[in-house]
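Read through the structure below, which is laid out as C-alpha cells, and then see the notes.
Below, chain A is the first sequence line, B the second, and so on; all start at residue 1.
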Protein chains: 2
Amino acid sequence: MSEPSKTKRPTQRTIAAKMGISVGAVSRALANDPQMAEETRALVQKMAKELGYSPDRAAQRLRTGRTQVINLILPPHEEILGFGTLLIRGISARLENTGYHLVVLPDFGPDKSAEQIQRVVRDRLADGIIFSRTTPDDNRIKFLLEADFPFVSHGRSELATPHPFVDCDNYAFARQAAETLIDRGAKRLGILLPPERFTFRQHLLHGFMTAVRTAGVDYEILDGISLDSDANAISANIQKRFAAPDAPDGLVLPGDVSGLAALAAIQDLGLVPGRDVQLVVKQTSGVFDLVRPKIASLYEDLSEAGEKLADLLLKRIAGAPVSELQYIQPIAGRPPASDTLFDPQLRAPSVR
Amino acid sequence: MSEPSKTKRPTQRTIAAKMGISVGAVSRALANDPQMAEETRALVQKMAKELGYSPDRAAQRLRTGRTQVINLILPPHEEILGFGTLLIRGISARLENTGYHLVVLPDFGPDKSAEQIQRVVRDRLADGIIFSRTTPDDNRIKFLLEADFPFVSHGRSELATPHPFVDCDNYAFARQAAETLIDRGAKRLGILLPPERFTFRQHLLHGFMTAVRTAGVDYEILDGISLDSDANAISANIQKRFAAPDAPDGLVLPGDVSGLAALAAIQDLGLVPGRDVQLVVKQTSGVFDLVRPKIASLYEDLSEAGEKLADLLLKRIAGAPVSELQYIQPIAGRPPASDTLFDPQLRAPSVR
DNA sequence: ATAAGCATTTATAACGTTAAAATATATGGG
DNA sequence: CCCATATATTTTAACGTTATAAATGCTTAT
C-alpha cells in the first residue's frame, strides 16, 4: 500500500483546511457569492488556483441536478461528406471554456431517437439537446416543449408554439439555384427533394417553384428517389430519367452526395455537364471545388450552424426568450474560410 | 408548491421503501451480488423494472469514481470527408447498450491536446480515451502509460512499451497502390505523404519503397506538400510539378481530399487520368465511386476502426492484457457495406 | 449598557449511491 | 442445548458539493 506519488486531487476540503475556514465558505467564495467578504473570496480563489483545484463534476451534478452536458443526437444519415464532423466542430468550438461537455448520441431511426430524448429528459442526462432532421409536426419537439426541456433543433417545425431552431435558408438556396439554371438557359428544371416528412422539403420546393413560376419554365420533381437515397440509387434513377423523353436540362441538387451521384450519372450517359445539363448543388464540404467539370454551387456552413446551435442552446438554458432563439442561416456563395491545419512546417516556410 | 404531475424519478430508496428492505440490499441486488439471496435479487430487479428505475449516474460516479464516459479527442484535421463522423458512428455503435457515453473533445493542436489529456486523467473526466494522429514518440501515449490510464490510439507509436492501438495497414495500402501503378505501366511513381511527425508516414513510405525497389522503377516523394496540406496547396503544387520535367506518371494518394485535389490538378492541366497519369487513392468515404473518370482506390473502413477502438478500450478498461489489444486493420478493395438509410418509403417499395 | 441590526461565517443536512462492518437468522456439530 | 459457522440483511459512513438555517462577531441606535 505505498502510493507516495499519487497526490490525490484537492477538494474544497483541502482548501478549507489549508486556510482554516469552513468548506461552506470555500464553496461560496468560489461561487463568488456577494454575501461573502470580497477579501475572503479573493483569497480562496487564489488558493484554489494555487492548488490546481477543479470542482468535481459528479458531486456538483449530484447536488445541483445540473449536468453541464449538452447532447447531440447525431443524425443517422450517411452523408458521405462530414456532416457530423463539421457540426460537431462548430458546437465544440462554442462550448470551449463554458464548462459544458458535448455528448454524442447516435440516432438509430426516428422512433428510437424519440425514445432516447425521453430518456435524456427523464434521467436528466443533459442540460440541453440538439438534434436535426426536423419534421413539421415533430414529436420530439412537442415532447421537449411539453417537458420544458432546453433544446435547439436544426431545422424548423410548423408547430403553433414557437421553438428555438437554426435552419439553413433552403428557400433561398432553391430559388437562387433555379434562377441560376434559368439564367443559363435551362428550359426544364428538375429538383431532388428530401423525403416528404422533413420540413425543409417544403422550403426547397417553395423556393424552387417561385423561380420556376416567375420564369414560366417547365419543371419536375425527381421521382422515386430522395435526398436520403443511396448514391447508387440516385445515379441509377437519374440515368433512367435522362434516357426517357423530355428530360430536364437543369438540376437542383441540395446535397453533396446527391450532387456527386447526379454528376456521375450524367457523365456516364455521355452527356456534358454545363452544355447538355446544368447543375447547381448545395455543398457543405467543399468537394465541388475539387470536382471536374466545375459545377455551380452554393454553400451551407455547417460549422457555423453548429456554433449557432450551441450558442442558442446556452442562451436558452440561461433563460432567454424563444423569440431571440431562432436563426435562419443565409446561404453563402463561397466556401467558409478553411480551418486551420496543423502542419506548421509547411505553413510557415522554415526559416533555416 | 403544487407539482402534482411531476412524479419524481424513483431511486433505490423508493424501491427499498416499497419492498420494506434496506437501501443497501437494493443496491446489492441490482448489482447481482451473489451474497444476496437469489430470490431477493429477482424481486428487486422486477420491482426496479416496474418502477422504471435507472441509476443516477452522478451518484454512481461520485461514489465509485467511475465515470462511464469515453473521451474521443477529435482530430483537428479538416478532412473534408467525414473522418470524424464515421469514426464516431463506429464508436457509438460499439458503446450502444454498454452504459458508456461518448464525449467528444475537439483537438486544437498537438500541445493543447496533451493538456486536455492531462486534465482528463487528473480530474477523472473519463474512464478511457481514444485519440488519433499518433507519432512515433507520442507524448500523450507516454503520459497515459505512465499514469496507467486506459486508452487506445488510432495509429501506432514506436515506443518500447507496447500499447493498445488500432491502425490501418498503411504499408499494405502503399505497396498495393504502387504495385497497381506499376502493373498499369507507370515508370515513375510519386507519393504524397503525411507530415514527418506521424508514424504512418513511415509505414506508407516503407510499403511504397518495397514495391518501387522490387520493380526497379523511378520514384519521388511529393515535395513541399503533405497529406495535411490545404487542398488548394496540393493542387497548385501538383500542377507545378507536372509542368516541370520528369514528372511522375503514377501517383499514390493516401487520402480522399488529396486524391480529389490531385485529380483536379491533373485534369486542369489537360492531362487525362488513366492515360497520362495513373492514380491510386485511399478513400474512407466512397467519393471516388462517384467521381469521374473513375480512379483506382482502396478503402479504409473508419466505421469499423471506430468500433474496434471502442471494443479494445472497453477490454482494456476491463483489464485485458495489452497483447490482445492491438489491431492492424486490413485495407479493403471494396467499400464497406453502406449504412442503413432512413427513408423507408423509398427502401421498401410501397405495397399499395 | 442593552437590544437590535447587519455582515460574515459556520454547522447541518442532503443529493443517490456503494463498500465495509455489524447484526440477525438459520444450520449443523459436538 | 449451546457454540460455531454460514447466509442474508441492515447499519453506518463516505464520495464532494451546495442550500438553508443557525450562529458569531461587530456596529449602531436606544
Task: Of residues 37-47 of chain B, the positions that come close to DNA chain D - non-hydrogen atoms, cut-off under 4.0 Å - done: B:Ala37, B:Thr40

Open item on the list: Would you say that A:Val69 contacts A:Asp127 through its side chain, given a criterion of any heavy-atom pair below 4.5 Å between the two side chains?
Closed with: no

Donor-acceptor pairs under 3.5 angstrom involving side-chain atoms of residues 113-122 of chain A: please list them, not counting sequence neighbours.
unit_1   : atom_1 : unit_2   : atom_2 : d
A:Gln116 : NE2    : A:Pro106 : O      : 3.1
A:Arg122 : NH1    : B:Gly52  : O      : 3.3
A:Arg122 : NH2    : B:Gly52  : O      : 2.5

TODO: Give the minimum heavy-atom separation between A:Asn71 and A:Ala126, together with the two atoms involved.
DONE: ND2-CB, 3.4 Å

Open item on the list: Taking the basic N atoms (NZ, or NE/NH1/NH2) and the acidic carboxylate oxygens, is any pair closer than 4.0 Å for B:Asp56 and B:Arg61?
Closed with: no

Task: Under-4.0 Å salt bridge between B:Asp148 and B:Arg316 - done: yes

Task: Net bend of the helix from C:dA1-D:dT30 to C:dG30-D:dC1, end axes of five pairs each, nearest 10 degrees - done: 70°

Open item on the list: Would you say that A:Tyr53 contacts A:Thr14 through its side chain, given a criterion of any heavy-atom pair below 4.5 Å between the two side chains?
Closed with: no

Open item on the list: Assuming nearest nucleotide by heavy-atom distance, tell me which of A:Leu62 and B:Met36 is located more 5' along DNA chain D.
Closed with: B:Met36

TODO: Before accepting this row, confirm whether a basic side-chain N of the pair B:Asp107/B:Arg133 lies closer than 4.0 Å to the acidic partner's carboxylate O.
DONE: no

Open item on the list: Contact between B:Ile328 and B:Phe165 at the side-chain level, heavy atoms closer than 4.5 Å - yes or no?
Closed with: yes

TODO: Could you tell me whether the side chain of B:Ile73 reaches within less than 4.5 Å of the side chain of B:Ile130, counting heavy atoms only?
DONE: no

Open item on the list: Using whole Å, what does the distance between atom P of nucleotide D:dT17 and atom CG of B:Asp56 come to?
Closed with: 17 Å

Open item on the list: Within the structure provided, determine whether A:Asp311 and A:Glu307 are in side-chain contact (heavy-atom separation under 4.5 Å).
Closed with: no

Open item on the list: Let me confirm one number: the CG-OG distance from A:Leu87 to A:Ser303, rounded to the nearest 0.5 Å.
Closed with: 8.5 Å

If you look only at distance, which donor and acceptor atoms sit under 3.5 Å apart when one is on a side chain in residues 20-29 of chain A and the other is two or more places apart or in another chain?
unit_1  : atom_1 : unit_2  : atom_2 : d
A:Ser22 : OG     : A:Ala25 : N      : 3.2
A:Arg28 : NE     : A:Asp33 : OD2    : 3.3
A:Arg28 : NH2    : A:Asp33 : OD2    : 3.3

Open item on the list: Base contacts versus sugar-phosphate-only contacts with protein, heavy atoms under 4.0 Å: please encode nucleotides 18-23 of chain D as B, S and - from 5' to 3'.
Closed with: BSBB--

Task: A:Tyr327 side chain reached by A:Leu312 side chain, heavy atoms, under 4.5 Å - done: yes

- [ ] Give me the first and last nucleotide of DNA chain C, going 5' to 3', that has any atom under 4.0 Å from a heavy atom of chain B.
- [x] C:dC15 to C:dA21

